[in-house]
Structure formats: structure tokens, C-alpha cells
Number of protein chains: 2
Amino acid sequence: MGRPAALSRERIISAAVVLAARAGVDQLTVRALGDELGCDPTALYRHFRNMEELHRAVGDHFLADVDVAPRPRESWRTAVRRLCRELRQAQLRQPRLAVFVRSAPTRLQNEVAITEALLRELAKGGFRAPAAARAYHALIEFTVGSATIDAALASQPVATREATYRTWRSDYAALPADEFPAIAAVASHLYQGSADRRFDDALDALLAGLESRRR
Amino acid sequence: MGRPAALSRERIISAAVVLAARAGVDQLTVRALGDELGCDPTALYRHFRNMEELHRAVGDHFLADVDVAPRPRESWRTAVRRLCRELRQAQLRQPRLAVFVRSAPTRLQNEVAITEALLRELAKGGFRAPAAARAYHALIEFTVGSATIDAALASQPVATREATYRTWRSDYAALPADEFPAIAAVASHLYQGSADRRFDDALDALLAGLESRRR
DNA sequence: CGCAGTTTGTCAACGGTGTTGACATCACGA
DNA sequence: TCGTGATGTCAACACCGTTGACAAACTGCG
């Protein structure tokens, strides 16, 4: 009953995704969304309580890319590593939107599914409740935090990104060796290779550490 | 020459620090700062080009708090842990800046000092050049990334923050146990305690993992 | 001394934001 | 057929950062 809905949460969310991808996250305002949808801006408030709720929904939207289905032949460690990698890739794929899952868990469908999958695998790996919670916090903070940092560069063309890394390396290499001996000794290895590779390395180390304090 | 200055960058920055501590970062507006300083809000624009520059200045103000001096009696592990903790705290005190991902080619002096200190301690801990670089990347990505995530909440008043954590926990606890068994088993431990504590736990795990792959 | 120049603070105003409450419109169930 | 409730529109509010014109207060110079 009631007036037939021209809008819906889904239509609004996809319009928000399009708009943010085209004009940037800063332009994701209630008025710009109204323009994009061809309706009055305040109509959105019939579908979302406020802007923050919409932001959470948009953030959750692109978490749908993470495949959370259990894979019987997969070890818990491989599964956790894969889940974190896919979560990272989902965030890097939409760098301008990654900002919305940054500061708070959305506690929406897809985010909950990822949480369940991670905790499921940790339980399979023998983590008791408190240790599982600690490991979950560590993995999520690291994965999402690192993605937040890398997103800005990941959205650049490869050439630009490589140039940036080269600049960083040479900046460190240019520092006076007598004043910064430790940097001088390592400079050529800093920001070498891809950010994904560095993420994998760090994730492996973190997993090893978590595994050693499983209980 | 000119009218005698009642304001100064320093006065404004410390007023901003007080205001943000009392009312939260969201209340760090040009008008609220004017009230705090007892002057017209737009007077601030005589000392800062815009609000972002003020935020950066507030950030730099706190970044100086990280003590990078070597402490002879301190083990490399303790030192690394302390450096990361202090870096985190400095970032949490500058939430607006922590959220703002800078890939500026000109590294700040304090940033370089922190890098040198971390690499110095890692070298002391027996990390060869490539492993030291990997460990540094992991520690920085985790520390800064995690701080970026936590900054928004850390800047809120304690009561607000606790209420938020309670909401998160109860949201997870309210999920149907048959559909999300792994969450149900762990829900009461999720987002328990302080974010600082969770950071410490994760940092310890990461350090343990890094130590085990020191070469 | 008086005038010019410079710095600094004040004021009004602009365009932007999220949000609210009153109103109009339309479809469905009683 | 007639409400009733859902939906969209509209005007308005309070807030935000920022700007340009103006006033005040000091220094340096003639």
C-alpha cells in the first residue's frame, strides 16, 4: 500500500557508487544524489535515516566481492589469508569508497559475512573465543588500515605509482649517511616491489605471530 | 609594524587542542575556535590559509611527542614497541590528519627521525637489510593504518566511545546464532576493552611473527 | 607632529552541507 | 468509495568554510 516507490535502497546505493566513482567521494552529497536520481534530495530520507547510514550501505556494497563461502579443501590459514587478500582487493578496487568502511564496521550484510567467515576459519584453526577475537581484531585492523593507506596510490596508473616509490626510495637514499646510518643501510630495499607484495609479507608475519599465541 | 597581534599560531593551536579534547574533533570548527579564543572566527584566517593547514599544524604539534632518542638499556623489541605505540598516540591526537593520507614526496623531519629510529632498533635486533625493510613496512603499515581507523573514535569523548563499542558488541550479539555460529561464539569478546589494548595485542603478535623471520 | 602603510581583528554575506516538518500525491485494503 | 499510510516535494533551519570590505592600532617617514 501507499504510493508506488520510484526509489529504493538499491537504486540509491548504485547511484551513489556511480556518483562517487565519477565525481569523487566529496561530491557524495544528498543534493548531488538527488540530481543523479532525478528526484528531490530529501526523498532519500524516506529510505535512509541519515547520511551516515547511507555511507555505511555504500561501504558494505563493494564488500560483496569477497567470496566468503567455505572451501572444504582449504586450510584455515590459507582461507584467512585469502579472505584478507580479497577484502584488501575489494577496498583497493574502489579507493574512493574505501573511506566508508575505514572508521567503523558497517555491521551490514556483507561485513557480517566476512566477519563470520574469518571467525569460522580461526575456530577451525583452534583459536578459542578470546584469542579468536584478538586475532580477528588484528587481522581486520591490519587489512583495512593498510588498504586505507594504499588506496590512494593504488588508484594511480602503474607508471605514476612506480615513480612515487622511486621518489621515496631516492629521498631516503639522499639522506646524509652519518646522520641517518640505519636508513642509509636499508634505503635501497625500502618501498621496493609492489604494495600487494609488502602486504602479503606482513600478513604472513602477522599470521605466524597469531598462530604462536593461539590460546 | 601593524596592529599588535592578540592571536598567534601557537595560541590558536593550543586552543584547538583544548577544544578537540573537550568537545571532540567534530566540534573543531572555525566558529567554535573563535568562541574558545574570544575573537571573531574569521580572525583565524590571518594566521592559517585554511582549515586544512590548521589541522596539519595541530598534527605536527603532536608528532614532535615521539621520542626517537636511543635508550641504551632498552631492548630492540621494547624500543620498537614503544616507538610504534608513541607514533600511534601521536596520530590519534591528530585525527583529522591521520585520516588524511599523505603521499607527499617531501618527507617531514619527524617522520624521517622515526624511520631512522625504527630501522636502528631492527638492526640492533639482528635484522639484515631486506628483512629490516620488510619488518619496517609491516610495522608502519599496521601502526599508521590502524591509527587511521581508530582515530575517528579515539577523538570522541570517552562516554561516546564506550557507547559506540557497546553498540557494536550488541549488534554482533543480536545476530541469529544458527546463521552466524562463529560470531555467536565470540560476540561477547568482540570490541571488548580499549582500542589501545587491541593494538598492543596485535603489535605483539606482529612482532613475534617478524622476529621468527628475521633473516 | 601628521600622514602613509601594514598588520590584525570585525562584520556581513555567499554558497555549501545535513536535516526537519508541513504538504501533496498516489495505491491499496476495508 | 473512502480513508490510511507510504512516498516524493518544497521551504526552511542551523551549521559549515571561506571571502571581501571595512575599522582599528601600531610603525616608520617626512
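Naming: A, B, ... by sequence-line order, numbering from 1 per chain.
OP1 or OP2 of C:dG9 sits under 4.0 Å from a side-chain N or O of B:His47.
Distance from the side chain of A:Tyr45 is smallest for C:dG18 among the nucleotides D:dG17, C:dG18, C:dT10. Among the nucleotides C:dA22, C:dG9, D:dG17, the one closest to the side chain of A:Arg46 is C:dA22. Of the candidates C:dG9, D:dC10, D:dG17, C:dG9 carries the atom nearest the B:Ala43 side chain, counting heavy atoms from C-beta on.
A:Phe180 has its ring centre no less than 6.0 Å from the ring centre of A:Tyr172. In this structure, A:Tyr136 has its ring center no closer than 6.0 Å to that of A:Phe127.
Remark: P of C:dT20 and CZ of A:Arg49 are 10 Å apart, rounded to the nearest angstrom. For the pair B:Asp35 CG and D:dC15 C1', the interatomic distance rounds to 13 Å; values are reported in whole Å. In this structure, CZ of A:Phe48 is placed 12 Å from P of D:dG8, rounded to the nearest angstrom. What separates CD1 of B:Ile12 from C1' of C:dT8 is a distance of 11 Å, to the nearest Å. Rounded to an integer number of Å, the gap from CD of B:Gln27 to P of D:dG17 is 10 Å. B:Leu54 places its CG atom 14 Å from the C1' atom of D:dT18, with the value rounded to the nearest Å. A:Leu37 has its CG atom 10 Å from the P atom of D:dT9, to the nearest Å. Rounded to whole Å, the distance from CG on A:Leu33 to C1' on C:dG16 is 15 Å.
Contact check on B:Arg82 versus B:Glu86 returns a salt bridge, with a Lys/Arg side-chain nitrogen under 4.0 Å from an Asp/Glu carboxylate oxygen.
If A:Ala32 and A:Thr42 are placed on DNA chain C by their nearest nucleotide, the residue sitting closer to the 5' end is A:Ala32.
With hydrogens and angles left out, the side-chain atoms of A:Thr42 and A:Asp40 include a donor and acceptor closer than 3.5 Å.
Stacking of B:Arg198 on the aromatic ring of B:Tyr165 is recorded, both the 6.0 Å distance cut-off and the 45° axial limit being met.
Judged by atom type and distance alone, A:Arg31 does not reach the base of C:dG16 through any side-chain donor-acceptor pair under 3.5 Å. Residue B:Thr29 places no side-chain atom within donor-acceptor reach of the base of D:dC15, judged by atom type and a 3.5 Å distance cut-off alone.
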